[in-house]
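Ligands are counted one by one from 1 in listed order, and the atoms in each one are counted from 1 as well.
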Amino acid sequence: MRPEDILVPTPSGVCCKPGGFFIDPTRPVDKAIITHGHSDHARAGHGAVLATQETLDLMRLRYGEKFAGATQAVRYGETVKLGGASATFHPAGHVLGSAQIAVECEGLRIVASGDYKEVADPTCAPFELVPCDVFITEATFGLPVFRHGDPDGEIAKLLHSVALFPERAHLIGAYSLGKAQRVLALIRKAGYDRPIYLHGALESITRYYQSRGVALGELRGVQGASKAELAGAIALCPPSALNELWSRRFPDPVTAFASGWMRVRARARQRGVELPLVISDHADWDGLTATIAATGASEIWVTHGQEDALVHWSVTHGLRARPLDIVGYGDEDETDGVTEGVNSGETP
Ligand SMILES: [Zn+2]
Ligand SMILES: [Zn+2]
């Protein structure tokens with residue numbers, strides 16, 4: 001059997017013919033395995049959804065009770081038999097509940113990793129390396145220019161600025177699923193113990209993280225806080241809110257943005273970000289290439305935009321490699337926030 005007989009790349013996601021399911025399909029299908037809750041991977045309207053409990057809960061929070069016809073929660077390490085194939089879930093280290101899916105059929109193992117990062121994150125289970133024959137990797141930051149560095153160093157920059165400007169608020173743009181909670185956890189890890197303020201659009205997912213045992217300290221809604229209370233405070237909001245009327249309630253705010261794209265200075269300037277924080281929930285170039293090599297896979301399939309450099313790297317390292325032209329991935333958490341802040345429920 002060829003890998004393409006097990007997983008067929010289609011423009012709307014990879015389809016497992018022998019198992020009768022799709023992984024992260026971008027259009028409604030009968031049976032879907034969902035790797036994680038970001039909106040470009042997890043869509044509403046499938047007949048049945050298999051995912052981790054956290055991913056199912058996050059989909060329910062976003063789309064309501066009727067987001068799928070039926071659901072099945074699968075634990076990390078658990079294998080599900082589906083037709084002539086099996087699927088095993090492994091942690092992807094990307095956001096709470098994120099999973100890589102190892103599909104096996106007739107002795108061939110293909111790992112669809114979804115989005116992943118191999119570095120530590122206090123808000124989710126650590127990435128697990130799964131040896132395989134074919135590895136499907138994202139390439140959100142698939143260019144050598146992307147080296148994220150140490151997130152603790154970025155938080156130290158933030159706290160230095162807070163100490164330097166005690167009368168100003170620090171307003172951090174961070175995506176609502178994963179990034180916001182990781183930034184909160186990193187700030188706490190650095191020893192900052194004052195209340196941190198949240199934009200309304202970040203509250204429900206952040207409360208969900210807390211309900212799953214992720215310690216984030218004392219959090220308060222921005223809604224209802226006085227301007228005096230917000231002086232010297234740290235607040236988080238969806239990136240789109242940084243330049244909205246909403247941000248005017250803050251006294252002379254220092255605007256920050258936590259994203260892997262902040263490595264590119266022009267991006268920060270373009271958004272009017274004073275304090276770029278290079279913090280990403282995706283593997284950087286070194287992480288992608290090291291992970292590809294470590295899986296031992298002889299064939300690499302690449303998704304998510306910057307496919308060319310990673311395909312080239314793989315080929316020069318003796319691997320077969322191809323881009324998957326799946327339409328509609330472009331991460332919610334690292335694109336320009338078009339899906340964020342829309343239903344914030346807050347007035348300016
Ligand atoms: Zn993602
Ligand atoms: Zn993605």
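With respect to the salt-bridge test (charged N to carboxylate O, under 4.0 angstrom), the residues Lys81 and Glu104 do not qualify. With salt bridges taken as basic N to acidic carboxylate O contacts below 4.0 Å, none links Asp193 and Arg188.
Put simply, Asp115 gets within reach of the Zn ion (ligand 2), with an N, O or S atom under 2.8 Å from it. The Zn ion (ligand 1) has no N, O or S atom of His41 closer than 2.8 Å. For residue His38, no N/O/S atom approaches the Zn ion (ligand 2) to within less than 2.8 Å. Note on His282: not counted as a metal contact of the Zn ion (ligand 1), no N/O/S atom lying under 2.8 Å.
The atom of His36 nearest to the Zn ion (ligand 1) is NE2, with the search restricted to N, O or S atoms. Shortest distance from the Zn ion (ligand 2) to His304 is reached at NE2 (N/O/S atoms only).
Side-chain polar atoms of Thr140 and Tyr329 form no donor-acceptor pair below 3.5 angstrom.
The side-chain tip of Arg182 does not point at the ring of Tyr209 from less than 6.0 angstrom away and within 45° of straight on.
Between Phe141 and His148, the distance from one ring center to the other falls under 6.0 angstrom.
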